[in-house]
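The structure appears below as structure tokens.
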Amino acid sequence: GQQLNQNPQSMFIQEGEDVSMNCTSSSIFNTWLWYKQDPGEGPVLLIALYKAGELTSNGRLTAQFGITRKDSFLNISASIPSDVGIYFCAGRGMNRDDKIIFGKGTRLHILP
Amino acid sequence: NAGVTQTPKFQVLKTGQSMTLQCAQDMNHNSMYWYRQDPGMGLRLIYYSASEGTTDKGEVPNGYNVSRLNKREFSLRLESAAPSQTSVYFCALKPGRNNEQFFGPGTRLTVL
């Protein structure tokens, strides 16, 4: 079946640094989604991508749909304390019956 | 939480007890989903419903049943709870033809 590999599993950065994380899939996707989850809350959609090569921004966040259709990237610029949380990628394959699947998440820690 | 309410927020059960997790929306969307989230595992689809009166199995349906009696509500039932069902359960909606899903606040279930 389809698999998503999300890297890194955990990141420790200094406030103000830029952050980059990625997801790769075992098959071609037609959709990439990026979510953020705060402790005790449900995931919140940050960015949705639907075209290969697409680059979309949401404030300090930028995500890209990889040209190969097998990967996606999320960048956070100038991190701030409220960026702490778990970031999930999710994607959907090309077949009609494919469902959205989720990566295991990247936990972002910001050091004071 | 995107017009999605989940009850209860917390629940502790003994092995063998039964319970129903409730999910309700105020957005009139057709597609609803139940996921479970376990540490280091991301989100895994239990069941989904593409429309009122229809349900289908997801990745991890064993030990669960669902009911979509009307458009507004999608319930998840554990007939005989097991410790392996200790998890956080999220309900999600998919508003339209695109693949974006929006999550409720979750139900935290512990089975002793």
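Letters go in sequence order (proteins before strands), and every chain restarts at 1.
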Note to self: Applying a heavy-atom distance below 4.5 Å, give me the residues of residues 42-69 of chain B that approach chain A, sorted by number.
What the structure shows: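 At a heavy-atom separation under 4.5 Å, chain A is reached by B:G42, B:L43, B:L45, B:Y48.
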Notebook entry, point to check: Hey, mind stepping through A:N75 and A:S20 against side-chain hydrogen bond (donor to acceptor under 3.5 Å, both in side chains) and telling me if it holds?
Noted result: CA-CA 4 Å; A:N75 295 314; A:S20 185; 2.7 Å; yes
Distance-only donor-acceptor pairs under 3.5 Å for side chains of residues 100-108 of chain A, two or more places apart:
from	atom 1	to	atom 2	distance (Å)
A:T106	OG1	A:Q6	NE2	3.4
A:T106	OG1	A:P8	O	2.5

Notebook entry, point to check: Which answer fits B:Y33, side chain, backbone, both or neither, if we ask what part of it has an atom under 4.5 Å from a heavy atom of chain A?
Noted result: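 Contact with chain A is absent: no heavy atom of B:Y33 under 4.5 Å.
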Sequence neighbours excluded and cut-off under 3.5 Å, please list the side-chain donor-acceptor pairs for residues 105-112 of chain B, or say none.
from	atom 1	to	atom 2	distance (Å)
B:T107	OG1	B:P8	O	2.5
B:R108	NH1	B:P105	O	3.4
B:R108	NH2	A:G40	O	2.9

Margin query: Main chain of A:S27, side chain of A:S25: is a donor-acceptor contact present, judged purely on distance under 3.5 Å?
Written below: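 A pair under 3.5 Å: yes.
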For residues 48-56 of chain A, which side-chain donor-acceptor pairs fall under 3.5 Å, sequence neighbours excluded?
from	atom 1	to	atom 2	distance (Å)
A:Y50	OH	B:N99	N	3.3
A:Y50	OH	B:E100	OE2	3.1
A:E54	OE1	A:Y50	N	2.7
A:E54	OE1	A:K51	N	2.9
A:E54	OE2	A:T56	OG1	3.2

Next item on the list: Check A:L46, A:I13, A:L61, A:D18 against A:I76 for a side-chain contact (heavy atoms from CB on, under 4.5 Å) and give me the one that passes.
Entry: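 With A:I76 as partner, A:L46, A:I13, A:L61, A:D18 yield a single side-chain contact (heavy atoms from CB on, under 4.5 Å), made by A:L61.
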